[in-house]
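To start, the structure itself, in structure tokens.
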Amino acid sequence: MRFNALIIATSLLAIGGLVAYAPVRESLGLALDDSWQLALIHAELALAPLLFRPALGDRRKAFENLASAAACWGAGGAVVLLFSFASMHDLAWQTRPLSAGVWLAVSGILSLGARFGPGWAARGRVLLLCAFGLPALWHYLMLEYGEASADSLTSVSPSWALATNDVSYWPLLLAGVVTWAAALALPSRRSA
Amino acid sequence: MRLLLPLLALLCGCVSAQTIDAERSRFLSAPNGRTGTYAPYRLVLTDLQGADSFTVHSDAPGVSLRREVASAGKQELEVVLPIMVGDDVTVRVSDEAGLERASISPRMPLRRIEPDYARPYAAVFSNNPVYARVLVPNSPRTAVCDYFELGEFFNDWRLFDGYDALVIINPDEARLPPGSQRAIAEYCSLGGNALIIGSFRLGEKDVDVPAPADPQVLLIRGVAVQRFGYGPGAIYRVGFDDLQHSQLAADVVVDALRDQFWFGAADAPGGKPQSRIPPQQTPYPPPLPPADAAPTPLFWGLGGGVLLLCLLAPLVGARVTKRTWPAQLVVLAGCLTVGGVAVTQDRPLPTIELTSVLRGGEGAAASQRTFMLAEDSWNADIEINLNDADRRLARRLAGRPGWNAWAIDLPLVALPDTRGDSSELTGAMVGDEIFRDFATRAHRGGTQFSTSDAYLLEWWLEQNAFRGRNASLTPLEWPSAANGFDDARVIQRSAIRVTDKRLPG
């Protein structure tokens, strides 16, 4: 998909503008300061599994997906860094490795799915959304009903890890490297 | 090899230069010391091989004091400087290039002196140490005393920081070292009490300090004692011969110390006496909302550039080649460049909120304690050069999460304009109201104080509205321009003046 980066940059700029709109900002409890940029970083992490569209097809397409994911990471990072004018801290710089890990894992899983067809790419997307979004909910349910903690799952969910300042990169790197190796190692189908 | 040995010897010489003699370095007040205040510390430096000057640092949590010292070719030198009595304190010595040469953690005084109306903590200066111990004894019923030679009188009030009173016993009219007059004036302007037995000649003339108030003559146990009010503090003078002829000389001295310490009353006031120990509770109003950041033209330009790049690079790339990855790499490189430029945008400055209590009294002398709350992205430490004419002293306080806080004491400040009439605190009542009701009304904007002043007012009343404490409270215009904070957004929250009132004995 040629315009993945454009979609990411446009979406992030639109979210940045939306958060700056006073009624939205006040309802979210944010201000035009560091919290504005932090909201944008969370949006960047969430947009990766939602908006990245891998090209379906052979190994060459998988390689193009890798380049496209890198461009998306760059475009998202540029927009987040643009909002540094509102921030006193270097949070945008500090979260670039996390963002890179997310993009590596997301593009790897989606590209591996895309090697098998659009259905598998969609299943990969659902898997990513569950892995990134559900651990915090699961933790809450376990606390509420099981009186047990599931906070070890922060390493699976980047947004939760960022919110709790407990970031670990190894699950993202492991998922990214394994899926990319598989996506690039699978032989291309030959037409009959 | 011939060159190497002298080089090694030279290197060893450099490394061993300027060492601290930890055995002989000590607090001059030892074994006494007041936790949370600065006490005089004698630092002994040895092996000053060839160093013309160096810098001595007194580091406490959040505050770093430094003093440049000229060694003038000496091999050994003693430096007296204020050091915080507390944890995590270090003393460092650095050379002219700023390289650290030595550091130690000073041994703290073993006996910690709490502020107590019954026992003022006094520094006693005398040429006759035996007579000083008889006249001002260190006893549980009178005072806690540290004894010094008259010749080592400190010329910087910051060395007197922990003391409630100074006693100068000088029957021979010996000349005090230069700087003593300013040190006494600054110390008294901060609420200190100086008792002079005999007389003294100052080591300097034409010192620009406010004159004390007109003298009062008090008769203490049959001995005439002159009292000169000096802002919130006072200077007492008693003739040496008058004291010698009295049968109760030691009691006269203690009563003279208590006269100021007890605000002229015959009994000790309730609560704890005022001292420069950092307060446990701090007078901070809720923080103001942060200033909204506004995007600059650079932001709009770079944002448009990112969108154009992400749109045009794939379109142009498709005309040049069938492969998409070169265009994506161009987008990546372009976005990295934009990101690099984006971080050069002007950032919002960290916020510093200032709250100030001015202490006045008799005469024109006054002092200021400023409570400074700074966002933690601002400097973690306040640096003070002890050689500067501006003799401020800072100490760290407990702050809110994400903020650092300090109390900064500044002696001899000019009295600023007032914003309203004074309110009188008498017997825990302000006017006809209990002090808490008055504070509540101040929070609602029902007094002449602003609602920002109300937090400071309430804090001061909670700390001080005890039996025997009478004072006048006045809302102030901000006492001085907040300069020296070019790297922060300074907000002046509130300022009040407190004037202690004496009770008839």
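Keep in mind that what you see is a predicted model, and the values were worked out from it rather than measured.
- Among the candidates Cys72(A), Ala71(A), Gly77(A), the residue making the largest number of heavy-atom pairs closer than 4.5 Å to chain B is Ala71(A).
- Looking at Arg25(A), only its side chain comes within 4.5 Å of chain B, counting heavy atoms on both sides.
- Neither the backbone nor the side chain of Leu309(B) comes within less than 4.5 Å of any heavy atom in chain A.
- Here the straight-line distance linking atom CG of Leu302(B) with atom CG of Leu307(B) works out to 11.0 Å at 0.5 Å rounding.
- Using a 4.5 Å cut-off on side-chain heavy atoms (C-beta onward), Thr355(B) and Tyr455(B) make no contact.
- Taken to the nearest 0.5 Å, the NZ atom of Lys61(A) stands 12.0 Å off from the CZ atom of Arg115(A).
- In terms of non-hydrogen atom pairs under 4.5 Å with chain A, the most contact-rich of Val306(B), Leu311(B), Leu298(B) is Leu311(B).
- When Gly334(B), Gly303(B), Pro314(B) are compared by the number of non-hydrogen pairs under 4.5 Å with chain A, Pro314(B) comes out ahead.
- The distance from the CZ atom of Arg347(B) to the NE2 atom of His89(A) is 10.0 Å, given to the nearest 0.5 Å.
- When each of Ser84(A), Gly76(A), Ala69(A), Ala92(A) is checked for heavy-atom pairs under 4.5 Å with chain B, Ser84(A) comes out on top.
- No more than 12 heavy atoms of other residues, nucleotides or ligands sit less than 6.0 Å from atom CD of Gln280(B).
- In terms of non-hydrogen atom pairs under 4.5 Å with chain B, the most contact-rich of Phe83(A), Trp93(A), Phe85(A), Trp73(A) is Phe85(A).
- Between Glu26(A) and Leu28(A), every side-chain heavy-atom pair lies at or beyond the 4.5 Å cut-off.
- Counting heavy atoms from C-beta outward, Thr370(B) and Gln368(B) have side chains that approach closer than 4.5 Å.
- For chain A, no part of Ala313(B) is nearby; none of its heavy atoms comes within less than 4.5 Å.
- Less than 6.0 angstrom separates the ring centroid of Trp459(B) from the ring centroid of Phe371(B).
- Within the 4.5 angstrom heavy-atom criterion, atoms from both the backbone and the side chain of Leu82(A) approach chain B.
- Using a 4.5 Å cut-off between heavy atoms, Gln345(B) contacts chain A through its side chain alone, with no backbone atom that close.
- Looking at Ala31(A), only its side chain comes within 4.5 Å of chain B, counting heavy atoms on both sides.
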